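Just so it is clear, the model here is predicted, and its values are computed rather than measured. Throughout, residue positions are numbered sequentially from 1 according to the sequence presented.
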Amino acid sequence: MSVMQDRAASTPGTGGAARRFRRGSRELLALCAVLGLMAGLAAGWLGYPRLASVVLTQPIRFSHSVHAKQDVACRTCHFTGPGGAFNGFPDIGVCASCHAEPTGGRSEDEKEADKLVVEYVRAKKAVPWLSLARQPDHVLFDHGPHLRFGCPACHPDMSRQDYPELRQDRISGYRNWTMSMERCQTCHRQQSASVDCVSCHR
């Protein structure tokens with residue numbers, strides 16, 4: 001018998017302690033693995049939307065709620081053409097009807113209004129607004145048949161929006177304010193309208 005074996009044999013309970021140590025080590029490793037997995041899932045759940053999308057910034061810090069409080073109706077700035085086709089964003093002349101001269105104010109809103117006047121109104125240049133609810137190119141949408149339901153039926157109530165964050169998915173191009181297909185289909189079924197693919201997609 002070797003010296004090491006002799007010592008192990010003469011030390012009572014050594015084998016049991018080793019087994020308990022190994023079992024405790026395995027349990028600790030399993031716990032660490034579970035906690036690591038949970039932390040990874042939480043980080044992915046919270047972090048992926050930030051990594052997968054890019055924040056877009058409007059050229060002018062525009063507040064719908066400020067304009068709504070002054071009783072500016074949606075159709076004052078957003079109009080539709082013949083048959084209800086959406087004509088996009090307001091002409092700079094519409095903005096100039098209220099914003100002809102700089103305010104000279106020091107608040108953030110006043111500075112942005114002055115930027116509008118100096119950079120766009122005086123230059124008679126269109127503001128390159130970014131659409132919050134831009135649909136992908138493969139979606140066919142006509143505002144005409146939908147106007148009777150009112151803007152908030154499809155769009156968020158913009159009268160309550162100050163400076164909404166606009167995010168665009170880096171892969172799909174979808175924006176965080178874009179209407180979902182599920183929501184469109186639900187409304188179409190409620191109104192007994194077609195839900196055929198070719199009705200809304202090219």
For Asp114 against Gly104, the heavy-atom pair lying closest together: OD2-N, 3.0 Å
From Gln135 atom CD to Cys184 atom SG, the distance as rounded to the nearest 0.5 Å: 6.0 Å
Residues Asp169 and Ser53: side-chain donor-acceptor under 3.5 angstrom: no
Closest non-hydrogen atom pair, Leu130 against Leu166: CB-CD2, 3.8 Å
4.5 Å side-chain heavy-atom contact, Ile92 and Lys125: no
Stepwise side chain to side chain contact (heavy atoms under 4.5 Å, CB included) test for His188 and Cys200: CA-CA 11 Å; His188 273 221; Cys200 303; 4.1 Å; yes
Under 3.5 Å donor-acceptor, Arg202 side chain and Asp137 backbone: yes
Under 3.5 Å donor-acceptor, Asp162 side chain and Ser63 backbone: no
Side chain to side chain contact (heavy atoms under 4.5 Å, CB included) evaluation trace for Phe62 with Gln161: CA-CA 10 Å; Phe62 181 87; Gln161 297 295 325; over 6 Å; no
Within 6.0 Å of CZ in Arg106, more than 12 heavy atoms from elsewhere: no
Side chain to side chain contact (heavy atoms under 4.5 Å, CB included) between Gln191 and Cys187, intermediate numbers included: CA-CA 6 Å; Gln191 300 297 323; Cys187 187; 4.3 Å; yes
Parallel, tilted or perpendicular: rings of His78 and Phe89 (30°, 60°): perpendicular
Minimum heavy-atom distance between Cys77 and Val72, given as atom pair plus value: SG-CG1, 4.3 Å
Sub-6.0 Å ring centroid separation between Phe141 and His146: yes
More than 12 heavy atoms from other groups under 6.0 Å of CG on Asp196: yes
Atom pair CH2 (Trp129) and SG (Cys95), whose distance is rounded to the nearest 0.5 Å: 6.5 Å
4.5 Å side-chain heavy-atom contact, Gln168 and Tyr174: no
Residue pair Leu56 / Arg167, side-chain heavy-atom distance below 4.5 Å: no
ILVMFWY network linking Val54 to Leu132, side-chain heavy atoms under 4.5 angstrom: yes
Polar side-chain atom of Thr186 near backbone of Glu182 as donor-acceptor pair, under 3.5 Å: yes
Worked check of side chain to side chain contact (heavy atoms under 4.5 Å, CB included) between Val127 and Gln58: CA-CA 9 Å; Val127 181; Gln58 294 285 8; over 6 Å; no
N-O pairing of Lys115 and Glu110 below 4.0 Å: no
Close side-chain approach of Val139 and His201, heavy atoms under 4.5 Å: yes
Min side-chain heavy-atom separation Phe149-Cys154 under 4.5 Å: no
Greater than 12 external heavy atoms within 6.0 Å of Met181's CE: no
Between CZ on residue Arg183 and OG1 on residue Thr178, distance to nearest 0.5 Å: 11.5 Å
Residues, nucleotides or ligands: over 12 heavy atoms within 6.0 Å of Arg75 CZ: no
Crowding at CD, Glu165 (>12 non-hydrogen neighbours, <6.0 Å): yes
Note, Ser65 side chain near Tyr163 side chain (heavy atom, < 4.5 Å): no
Ion pair Arg160/Asp157, N-O distance below 4.0 Å: yes
His64 side, atom NE2; Met158 side, atom CE - distance, nearest 0.5 Å: 4.5 Å
Distance, nearest 0.5 Å, that separates CZ of Arg26 from CG of Leu28: 12.0 Å
